[in-house]
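In this text the structure is predicted, and so the values were computed from the model without any measurement. Below, chain A is the first sequence line, B the second, and so on; all start at residue 1.
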Amino acid sequence: MDFAVLVDCNSFYASCERVFNPSLNNKPVAVLSNNDGCVIACTKEAKKIGIKMGTPFFKCKKLMEENNGKFFSSNYTLYGDLSNRVMDVLVSYPAEHEIYSIDEAFLLFNNETIKSIFAIGRDIRYSVKRLTGVPVSVGIASTKTLAKIANHIAKKSKNGVYVFCSQKQVNKVMKITPVSEVWGIGRQYSKKLQKNNIYTAEDLCKMPDTWIRKLMTNRGLQTVWELRGYPCVPTTSDRVEKKGINTSRSFSHLVTDKHELYEALAYYTTLNAEKLRKQNSCTQMVCVYLSTNHFRDGPQYRAAHTISLPTATAETPLLIRAAYEAMDKIFKSGYSYKKTGCLFLGLIPEISNSNNLFFKTYYKSAEQNMMKVMDKVNEKYGRDTLRYASTGIKRSWTMNRKLLSPAYTTSWKHIKNVEFSEK
DNA sequence: TCTGGGGTCCTAGGACCC
DNA sequence: TCTGGGGTCCTAGGACCC
């Protein structure tokens with residue numbers, strides 16, 4: 001039989017914090033979003049005391065303190081590195097691999113028996129934990145959507161592995177799975193379905209295809225077919241290049257000064273351009289947006305503007321200039337701004353951009369070599385070793401990360417000290 | 001005081017073409 | 001009274017995911 005195996009790290013960000021800090025084991029741990037805004041990951045101990053995903057930090061700070069738990073700012077350097085290690089273990093298995101997100105991956109196995117696939121699931125769980133320190137759960141079924149459901153069950157089970165062994169077993173689970181818990185069915189669709197008296201995965205499967213397609217488009221129909229046991233969600237791991245590249249951050253405080261705003265924008269554009277060059281693309285459009293804080297009373301304003309470039313490029317200075325031009329179109333003084341961002345659209349491969357007679361091609365330019373040097377230096381010696389003056393020196397707008405843990409695995413300065421004492 | 005960020009896919013409808 | 005039909009391309013907006 002063929003099987004879809006979903007490996008999902010347990011409360012990944014929080015587990016990463018535990019890997020190098022075992023004193024956190026069995027205690028509530030939660031990780032916060034940028035600017036220490038709200039909870040984006042929490043361990044089961046944290047859930048137990050009533051901490052929920054998405055809750056603002058200031059609303060649950062006290063609860064955590066009372067229960068001897070700990071919060072962390074998000075440390076993407078650490079999580080990214082541990083994610084790579086987990087994925088390295090997973091791709092060593094003889095299967096088709098699809099790395100789906102920072103903390104989960106599908107492995108597709110052919111010609112296995114229930115017994116052999118169960119053994120593989122247990123081995124995966126054991127190996128990942130031993131080699132990386134990260135706990136994972138494994139859900140196994142005939143389709144990815146069912147594997148997701150299996151994974152939910154595995155998360156709650158003792159040995160962390162769950163296999164759908166028979167159609168009878170699938171039916172039993174579908175009866176008690178709320179439709180809102182099905183992968184691919186979010187809040188809006190759940191509401192619509194409930195209005196039509198569809199509450200469980202089983203209810204949904206019984207509906208006719210035409211009706212499902214009308215309500216939830218072809219994607220929704222795909223989901224239902226997967227629930228019925230026919231694999232039809234395609235593998236996406238061969239898609240490497242992104243279609244759009246975006247960088248935006250909320251500020252640590254409200255920004256009214258035009259100079260500060262432009263400085264932040266230049267910085268986000270620089271980060272965007274680095275991502276662009278990393279995938280060997282050029283961009284044809286630069287879109288800039290900004291907004292005030294919609295959680296607050298007071299005058300609100302949000303706007304966006306897109307500039308089409310005369311020739312596609314990946315040169316940071318040109319992109320900063322375009323971003324400024326876009327910002328000039330939308331900036332209004334008198335407002336307190338919370339956020340700005342920069343989005344590149346219409347990405348094309350670097351090499352194909354050589355057919356414009358009127359401009360020097362990006363591909364051959366000396367500027368490109370300079371970009372390469374900058375990227376290399378910054379990669380080796382750390383971000384911002386070489387930087388543009390327009391991105392600011394003091395950067396008073398940068399986000400708050402007051403509870404940041406060390407970058408244990410990627411910086412010599414932060415490496416963990418272990419002391420032995422003789423007894 | 002304090003409420004994240006970065007993606008994907010699909011569809012309807014308008015503009016335009018012959 | 002009567003006003004074609006069949007395409008393509010683009011964009012905005014809505015849904016989803018982690």
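The interatomic distance linking A:Asn10 (CG) with C:dC18 (C1') rounds to 15 Å, in whole Å. Spacing between atom CZ of A:Arg187 and atom P of C:dC17 amounts to 11 Å, rounded to whole angstrom units. Between the CG atom of A:Leu343 and the P atom of B:dG7 there is a distance of 9 Å, rounded to whole Å. With rounding to whole Å, A:Lys243 atom NZ is found 15 Å from C:dT11 atom P. Rounded to whole Å, the distance from CZ on A:Arg213 to P on B:dC10 is 13 Å. As a whole-Å value, the separation of A:Asn246 CG from B:dG7 C1' is 9 Å. Rounded to an integer number of Å, the gap from A:Leu254 CG to B:dT3 C1' is 13 Å. Spacing between atom OH of A:Tyr189 and atom C1' of C:dA15 amounts to 5 Å, rounded to whole angstrom units.
When the side-chain nitrogen and oxygen atoms of A:Lys148 are compared with OP1 and OP2 of C:dC17, none of them lie within a distance under 4.0 Å. Note on A:Ser248: a side-chain N or O is less than 4.0 Å away from OP1 or OP2 of B:dG6. OP1 or OP2 of B:dG5 sits under 4.0 Å from a side-chain N or O of A:Ser250. Side-chain nitrogen and oxygen atoms of A:Arg296 include none within less than 4.0 Å of the OP1 or OP2 phosphate oxygen of B:dT3.
Within the 4.0 angstrom heavy-atom criterion, no nucleotide atom of any strand lies near A:Phe57. Residue A:Ile185 is in sugar-phosphate contact alone, with no base atom involved, counting any heavy-atom pair closer than 4.0 Å across all strands shown. Contacts of A:Asn35 with the nucleic acid, taken as non-hydrogen atoms under 4.0 Å apart, are absent. Nucleic acid contact for A:Lys339: sugar-phosphate only, since backbone atoms but no base atoms lie under 4.0 Å from a heavy atom of the residue. Contact annotation for A:Lys338: backbone-only contact, meaning every heavy-atom pair under 4.0 Å involves sugar-phosphate atoms and none involves a base. The residue A:Ser74 sits apart from the nucleic acid: no heavy atom pair falls under 4.0 Å.
Residue whose closest nucleotide on DNA chain B sits further toward the 5' end, between A:Tyr76 and A:Thr217: A:Tyr76. For A:Ile245 and A:Gly37, each mapped to the nucleotide of DNA chain B holding its nearest heavy atom, the one lying further toward the 5' end belongs to A:Gly37.
Under the Watson-Crick or G-U wobble criterion, with both distances below 3.5 Å, B:dC16 is paired with C:dG7.
Set against C:dC17, B:dT3, C:dA15, the side chain of A:Tyr100 has C:dC17 as its closest nucleotide. In this structure, of B:dG4, B:dG7, B:dC10, it is B:dC10 that holds the atom nearest to the side chain of A:Arg219. Comparing atom distances between the A:Lys242 side chain and each of B:dG7, B:dG4, C:dC18 picks out B:dG7 as nearest. Among the nucleotides C:dC18, B:dT3, B:dG4, the one closest to any side-chain atom of A:Asn34 is B:dG4. The side chain of A:Cys38 lies closest to B:dG4, out of C:dC18, B:dG6, B:dG4.
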Q) Do A:Leu78 and A:Ser405 pass the side-chain contact (heavy atoms from CB on, under 4.5 Å) test, and can you show the C-alpha distance, the side-chain angles, and the key distance before you say yes or no? A) CA-CA 9 Å; A:Leu78 177 65; A:Ser405 54; 4.3 Å; yes
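Note: A:Tyr262 and A:Tyr324 meet the aromatic proximity criterion, with ring centroids under 6.0 Å apart.
Between the C1' atoms of C:dC17 and B:dG4, the separation comes to 15 Å (whole Å).
Cation-pi contact between A:Arg395 and A:Tyr267: present, with separation from the ring centre below 6.0 Å and deviation from the ring axis of at most 45°.
Listed for the A:Asp81 side chain is no donor-acceptor partner under 3.5 Å among the backbone atoms of A:Thr77. Counting only distance, with no hydrogens or angles, the side chain of A:Gln279 and the backbone of A:Lys242 share a donor-acceptor pair below 3.5 Å.
There is no side-chain donor-acceptor pair under 3.5 Å between A:Asn196 and A:Trp211.
When A:Trp183, A:Tyr93, A:Phe3 are each tested for a ring pair (Phe, Tyr, Trp, His ring centres under 6.0 Å) with A:Phe106, only one passes: A:Trp183.
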